[in-house]
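Below you'll find the structure, written out as structure tokens, and then a few comments.
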There are 2 protein chains.
Amino acid sequence: MESLTIGKVARLAEVGVETIRFYERKGLIDEPPRRESGYRQYPEDTVHRLRSIRRAKELGFTLKEIKELLALRIEPATTCEDIRGRAEAKISDIEQKIRTLKSMKEALMKLTLACRGRGPVSECPVLEAMESDER
Amino acid sequence: MESLTIGKVARLAEVGVETIRFYERKGLIDEPPRRESGYRQYPEDTVHRLRSIRRAKELGFTLKEIKELLALRIEPATTCEDIRGRAEAKISDIEQKIRTLKSMKEALMKLTLACRGRGPVSECPVLEAMESDER
DNA sequence: ATAAAGCCTGTACTATACTACAGAGTCAAG
DNA sequence: CTTGACTCTGTAGTATAGTACAGGCTTTAT
């Protein structure tokens, strides 16, 4: 078990040192043990957690939501019912996101085809796609 | 062709009046014509545009990106090549998002199954999924 | 005709998610 | 054993995306 300084973790996870301390304050990562000097000592898997957070962020989840997602693993098994409920809610959330992304993708593909064929692109299929996804 | 006041548009699009003016300043929606009194007069399709913007935002696109997406329709046909390039870039972007969302969804489904079966949920499949999606 | 509701500009404030110091102590390579 | 890179806490500043007035004119319903 190697242990890493904050700077090393930052470099490996491709985030800023300040970001790590910020996430710690926000409860997204655990407070790591310290040496006598006060320096934080991180286990290697913190790097993965940070990368996970970054990825989830790119998907449009807020830090608050990400915290919830990550919390699903550490909750005691006694609240299993609740965990399942929350996981299922996240699943429909994700499914909705996928559906909307798919229709946007199709719209964009139509657009590129129209471009390829040199046809007129007066109407906006992107807009259409996003509009047709109303619930 | 009905024309709508800002308040009506806001109600129909389910956004705030201030948000519409904000989007106008940011160039996400066109400056509408005004009456003599200075009141904005919107065409009906502004409502759809606003809903589109809201949906794109939920997918993790920033206003800047949304502006780009919307701009794809109004660019003159002369830059067709460029439009196609940008559309294709957005498509791979979207595909990546979909892939990551799918693996998150699968992870969450595993989690709910584990819960259903009352099995131990010590490891975090959500985290795993997000981690295994590294490029 | 008058009052409530709506709209105008402009500025200021909020939440989220960082990012950047300041000032002081710590570590490690030559 | 020093010096430069690193870390600490704490506070302040930035970008994004709104949100909330203030003070004043306009519409509309009664």
Side-chain angles (χ1 to χ4, degrees), chain A residues 2-44 46-47 49-71 93 130, chain B residues 2-44 46-47 49-71 93 130:
Chain A
E2 283 261 12
S3 104
L4 306 163
T5 62
I6 197 166
K8 280 175 192 160
V9 172
R11 240 167 288 129
L12 292 167
E14 295 169 272
V15 299
V17 164
E18 318 283 354
T19 304
I20 298 173
R21 289 197 276 252
F22 176 73
Y23 285 170
E24 184 183 314
R25 282 200 299 283
K26 291 279 162 176
L28 279 142
I29 55 171
D30 298 326
E31 287 190 38
R34 308 281 187 119
R35 338 181 166 181
E36 326 77 66
S37 61
Y39 278 32
R40 288 170 180 83
Q41 282 187 298
Y42 291 97
E44 295 131 273
T46 303
V47 175
R49 178 169 269 241
L50 287 167
R51 285 177 173 277
S52 302
I53 292 170
R54 215 189 47 185
R55 207 152 310 110
K57 242 170 18 88
E58 284 162 14
L59 296 172
F61 291 102
T62 64
L63 291 189
K64 203 176 156 193
E65 285 170 327
I66 293 165
K67 199 176 157 183
E68 272 168 46
L69 275 167
L70 293 169
D93 205 66
M130 294 198 279
Chain B
E2 282 261 12
S3 104
L4 306 162
T5 62
I6 197 166
K8 280 175 192 160
V9 172
R11 240 167 288 129
L12 292 167
E14 293 169 273
V15 299
V17 164
E18 318 281 353
T19 304
I20 297 172
R21 289 197 276 251
F22 175 73
Y23 286 171
E24 184 183 313
R25 283 200 299 283
K26 290 280 162 176
L28 280 142
I29 54 170
D30 298 327
E31 286 190 39
R34 309 280 187 119
R35 337 181 167 181
E36 326 77 65
S37 61
Y39 277 33
R40 289 170 180 81
Q41 281 187 300
Y42 291 96
E44 294 133 274
T46 303
V47 175
R49 178 169 269 239
L50 287 168
R51 284 177 174 277
S52 303
I53 292 170
R54 214 188 49 186
R55 207 152 309 110
K57 243 169 18 89
E58 282 162 15
L59 296 172
F61 291 102
T62 64
L63 292 190
K64 204 176 154 191
E65 286 171 326
I66 293 164
K67 200 176 156 182
E68 271 168 48
L69 276 166
L70 293 169
D93 205 66
M130 295 197 280

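All chains are named by letter (A, B, ...) in the order of the sequence lines, taking the proteins before the strands, and each is independently numbered beginning at 1.
A:Ile6 has its CD1 atom 12 Å from the C1' atom of D:dT9, to the nearest Å. Residue B:Leu50 contributes atom CG, which lies 14 Å from atom C1' of D:dA17 at whole-angstrom precision. Distance, B:Leu28 CG to D:dT16 P: 12 Å, rounded to whole Å. Here C:dG10 presents its C1' atom at 14 Å from CD of B:Glu24, a figure rounded to the nearest Å. One atom, CD1 of B:Ile66, and another, C1' of D:dA17, lie 10 Å apart when rounded to the nearest Å. Straight-line distance from the NZ atom of A:Lys64 to the P atom of C:dA15: 12 Å, rounded to whole Å. Atom OH of A:Tyr42 and atom C1' of D:dC6 are 14 Å apart (whole Å). Rounded to an integer number of Å, the gap from NZ of B:Lys67 to C1' of D:dA17 is 14 Å.
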Are A:Leu50 and A:Val9 close enough, and set up right, to give a side-chain contact (heavy atoms from CB on, under 4.5 Å), and what steps lead you there?
CA-CA 9 Å; A:Leu50 287 167; A:Val9 172; 3.4 Å; yes
Nucleotide N/O of nucleotides 1-4 of chain C paired with protein N/O under 3.5 Å:
none

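Under the salt bridge (charged side-chain N to carboxylate O under 4.0 Å, His left out) criterion, A:Glu31 pairs with no residue, sequence neighbours left out. Applying the side chain to side chain contact (heavy atoms under 4.5 Å, CB included) criterion to B:Thr5, with sequence neighbours excluded, gives B:Lys8, B:Arg35. Residues passing the side chain to side chain contact (heavy atoms under 4.5 Å, CB included) test with A:Glu14 are A:Arg51, A:Arg54, sequence neighbours excluded. Under the salt bridge (charged side-chain N to carboxylate O under 4.0 Å, His left out) criterion, A:Glu65 pairs with no residue at all, not counting sequence neighbours.
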Given protein heavy atoms under 4.0 Å, the one-letter contact record of nucleotides 19-30 of chain D, with B base, S sugar-phosphate only and - none, is simply BBB----BS---
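Across all strands shown, B:Lys26 has no heavy atoms under 4.0 Å from either base or sugar-phosphate atoms.
Summarising the geometry of B:Arg49 relative to B:Ile29, their closest heavy-atom pair is CD-CG2, 3.6 Å, with the distance given to 0.1 Å.
For A:Gln41 and B:Phe61, each mapped to the nucleotide of DNA chain D holding its nearest heavy atom, the one lying further toward the 5' end belongs to A:Gln41.
Taking the side chain as every heavy atom from C-beta outward, A:Tyr23 and A:Leu63 approach each other to under 4.5 Å. Contact check for B:Leu28 versus B:Ile53: side-chain heavy atoms found under the 4.5 Å cut-off.
Between B:Arg21 and B:Glu24 there is no salt bridge, since no side-chain nitrogen of the basic residue lies less than 4.0 Å from a carboxylate oxygen of the acidic one.
For A:Tyr23 and C:dA17, the shortest distance from a side-chain N or O to OP1 or OP2 is not below 4.0 Å. Between A:Thr5 and D:dT7 there is a side-chain polar atom (N or O) within less than 4.0 angstrom of OP1 or OP2. Look at A:Arg40 and you won't find any side-chain N or O under 4.0 angstrom from OP1 or OP2 of C:dT26. For A:Arg34, no side-chain nitrogen or oxygen approaches OP1 or OP2 of C:dG25 to under 4.0 Å.
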